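First the structure, in the form of structure tokens, and then the observations on it.
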Amino acid sequence: APDGKGGCTCGPECEDAVPTGRNNKCFGFCPGGDSLDACVFDGKGGCTCNPVCEDFKPDKNGNCPDICPGDGVCAPDGKGGCSCDVPTPVCTDFEPDEIGECPDICPVEDGVCAPDGKGGCACTKGCEALDPDDDGKCTGQCPFTNQECVNSGGSCSCVVDCEDATVASGCDGVCPFTGERCAVSNGECACLEPCAAGTPEKNDDETFSCRGFCPFDEGQTCVPSEDNSSCGCVGLCEFDDPDGGCTGFCPETGEACVETTGGCACEAPTLCSIEVSKKCVVPRAPLPTGGGCDGKIQTLQLIWTGSVPVQVSGQTTDAPGGLVEPGQLLTITNLSGDNDQELFLQGAGISGTSTFHISCSDDEMDGPEDCGKLQGNGKKNDEGINLWALEGLVSAKGGGFTCNTAPVNAEEGQDQCTLVPRNPPSCDTGKPDTITFLFNGGSSPNNPAAQCASSTINKVPNSKGKFHTDFKCSGSVDPSSPVIIQVDGASGTVQPGQTFTVNLKSIKDTRLSNGGGVQTMEFHTSCSQPIAAGLTAGALTIVGLDGNLISNEVSYFYDITNTGDTDVEVTSVFDDQIGDIISRPFTLEPNETRRFTGTDNVPVTSIGSLTNVVVVTGNAEGSAEECFAEDSVTVFIGGGLPGFGGGF
């Protein structure tokens, strides 16, 4: 038989062939056939030259083979098989589907299978295929039940009524009145008039809203005016350019348009938010402005000229934690004892001692002419690290000078400060009339709760090297209970931690008594023997002479900032050591900062460190919302009094 390629070939007859492959291909010859293609699958597992539609079943796509004679169509018979007798489907056989659409199977030219308005489908002329009639009306059919055939500029087209349009479709419906637009309103499509032509409507919650449309659908919204008398279009926050400032409208009540990463966004404002920054400043003790060294040096002021920070020890200084930076002013106080005083240094590449001769006999450290000279290698300039520039000194008999070249504490203050008490009042500066005692058990850093045995008044010499040899003390009292003080025939009760002032001459014979016992003391009161603030006598500590107390001033700065989005009324600024810092409330605008100052006189009893806390309270303006802020600083109280190394 012909092989289909212009030649002949031998092969089986079609009826004897076996279908092969996924597509049931048959290779066999049919009588009178002009190629092997005439032999096909018979639908029953074999091959045939005469296939019959009814022998097949619809394939996976629901199709039957096109093998019916004439104009017949082999189609699914609805019973799982195929048949040439299945009638051709027509439009009227169908009903509109769930979205109101009919199948496009009308044979009529330009015909449309569309809903007939009676629940079925029918073929009719399509809307867009017709022209308006003489009355300007369009009568053509639209494929969807929610569409209407209307005259649009002289031609017919299918449109959706606005109320039937969906938000997802962009509210593409039409409105019956000129000037209206189909737009989103309350989550639905509705016919709206221009925004500016509308009037605000009152809502159930007593607020107002507008329903008009804006010329720019994206980026604008219609809102009431501030007095709710008219409507207008405003730009939405999310469409703002942050370079021009975020000033757009936020639809949610209480939100504000703020700059965010990459643009603008609506966020709920932080109504009440404040911060406080507290800093401390310890004013430097004033030095005499002129004159020379007279008596032993008690206070030295020096500037570190080294190139690296150093840790210093061995003396009473005002260096926070003992660390001195290059160019920093260092004050050494309470110098006493041997003429050569040592300061130990430790730093990168530096380890050793600086020596200072304090007898006023060092020609390079005894007058204003020595300002700026390097010190630290002793009187003979032969030992010690001399990288300290002289800035000033105070000597025992009131002499001294200051060079006024070192910077004072910066106005911004510090998070922590070191307070070195000034040289205490004593008989060396003149005979006093009154003396002030503190009843604290005679405690000092080295002798907590000490009494007679650890008194220091008889162990510390004055500037002339004399001791208070006439001091006598016996007995003890309970330092935690009130005590009765008897001096010169007078008596009174003093609480623990309380001070009292009496005439110096009256303390010659002093008696203390409480439930813990009786303590008696005798003093020499002519000032020929040492009497100085800071010394202890039995259960008492001398804290002042002639009203000049060992008390040291510390200043504080309070910077209060409104970090919220609305005005805040600050109602209280309270320091737990000083008390109220403000006398009346004040208002801060957003991002505004105001500074307040306070001063505390740190008492002699505050040994080691003193941490105080400030608490700021405020209210958002026009709101009951309250906010708080707090900060603290620590003042390290160092130093020591001559002879016993601790001190106040």
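This one's a predicted model, so the numbers in the text were calculated from it and none came from an experiment. Side-chain atoms are counted along with the backbone in the values below, which use heavy atoms only and exclude waters and symmetry mates.
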Is there a donor-acceptor pair closer than 3.5 Å between any side-chain N or O of [X] and the backbone N or O of [Y]?
| X | Y | answer |
| --- | --- | --- |
| D559 | S277 | no |
| K459 | S455 | yes |
| T305 | L387 | yes |
| K296 | G337 | yes |
| H524 | F471 | no |
| N381 | N377 | no |
| Q519 | G475 | yes |
| T587 | E569 | no |
| N514 | V477 | no |
| E592 | N562 | no |

Go through it in stages, so that I can follow the logic: the residues are I435 and V502, the test is side-chain contact (heavy atoms from CB on, under 4.5 Å), and I'd like the CA-CA distance, side-chain angles, deciding distance and then a yes or no.
CA-CA 6 Å; I435 185 170; V502 294; 3.9 Å; yes
If you look at every heavy atom in [X] and [Y], which pair is closest and at what distance?
| X | Y | result |
| --- | --- | --- |
| C272 | N619 | SG-C, 3.9 Å |
| P590 | G564 | CB-O, 3.5 Å |
| I274 | G618 | CD1-N, 4.0 Å |
| V324 | A319 | CG2-CB, 3.8 Å |
| T493 | P482 | CG2-CB, 4.0 Å |
| I297 | C360 | CG1-SG, 4.0 Å |

Evaluate whether atom [atom1] of [X] has more than 12 neighbouring non-hydrogen atoms of other residues, nucleotides or ligands under 6.0 angstrom away.
| X | atom1 | result |
| --- | --- | --- |
| Q577 | CD | yes |
| D580 | CG | yes |
| I484 | CD1 | no |
| K373 | NZ | yes |

Flag the pair [X] / [Y] as yes when at least one side-chain heavy-atom distance between them is below 4.5 Å, and no otherwise.
| X | Y | result |
| --- | --- | --- |
| L540 | L512 | yes |
| N612 | V633 | yes |
| T436 | L545 | no |
| T469 | Q529 | yes |
| I531 | F523 | no |
| E522 | K508 | no |
| T520 | D509 | no |
| C293 | S359 | no |

SG-SG distance C246 to C257 under 2.5 Å:
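No, C246 does not link to C257 through a disulfide.
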Check whether the SG atoms of C473 and C452 are less than 2.5 Å apart, and answer yes or no.
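Cysteines C473 and C452 qualify as a disulfide pair, their SG atoms being under 2.5 Å apart.
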About how many Å separate [atom2] of [Y] and [atom1] of [X], when rounded to the nearest 0.5 Å?
| X | Y | atom1 | atom2 | result |
| --- | --- | --- | --- | --- |
| Q375 | L343 | CD | CG | 13.0 Å |
| I385 | S351 | CD1 | OG | 7.0 Å |
| Q315 | S354 | CD | OG | 10.5 Å |
| I485 | S513 | CD1 | OG | 8.0 Å |
| L504 | T525 | CG | OG1 | 5.0 Å |
| K278 | Y556 | NZ | OH | 5.5 Å |

Which is it for I332 and L302 under the side-chain contact (heavy atoms from CB on, under 4.5 Å) test, yes or no, and what are the steps along the way?
CA-CA 8 Å; I332 305 176; L302 306 160; 4.0 Å; yes
Between [X] and [Y], do the side chains contain an N or O donor and an N or O acceptor separated by less than 3.5 Å?
| X | Y | result |
| --- | --- | --- |
| T331 | Q301 | yes |
| Y558 | D631 | no |
| H357 | D362 | no |
| D478 | S481 | yes |
| T299 | T333 | no |
| K379 | S361 | yes |

Under the criterion side-chain contact (heavy atoms from CB on, under 4.5 Å), I'd like the reasoning laid out for V616 against E630: C-alpha separation, chi angles, the key distance, then a yes or no.
CA-CA 6 Å; V616 180; E630 72 173 52; over 6 Å; no
For F437 and F500: C-alpha separation, side-chain torsions, deciding distance, then whether ring pair (Phe, Tyr, Trp, His ring centres under 6.0 Å) applies.
CA-CA 6 Å; F437 287 104; F500 63 96; 5.7 Å; yes
Take T499 and V543 through the test side-chain contact (heavy atoms from CB on, under 4.5 Å) and record every step on the way to the result.
CA-CA 8 Å; T499 62; V543 294; 4.2 Å; yes
Taking side-chain contact (heavy atoms from CB on, under 4.5 Å) as the criterion, tell me which of T566, T563, T561 meets it with S273.
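So, applying the side-chain contact (heavy atoms from CB on, under 4.5 Å) to S273 and each of T566, T563, T561, only T563 qualifies.
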Taking the six-membered ring for Trp, are the ring centroids of F586 and F596 within less than 6.0 Å of each other?
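Yes, ring centres under 6.0 Å apart.
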Evaluate the ring planes of W388 and F356, with Trp represented by its six-membered ring, and classify them as parallel (under 30°), tilted (30 to 60°) or perpendicular (over 60°).
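W388 and F356: perpendicular rings.
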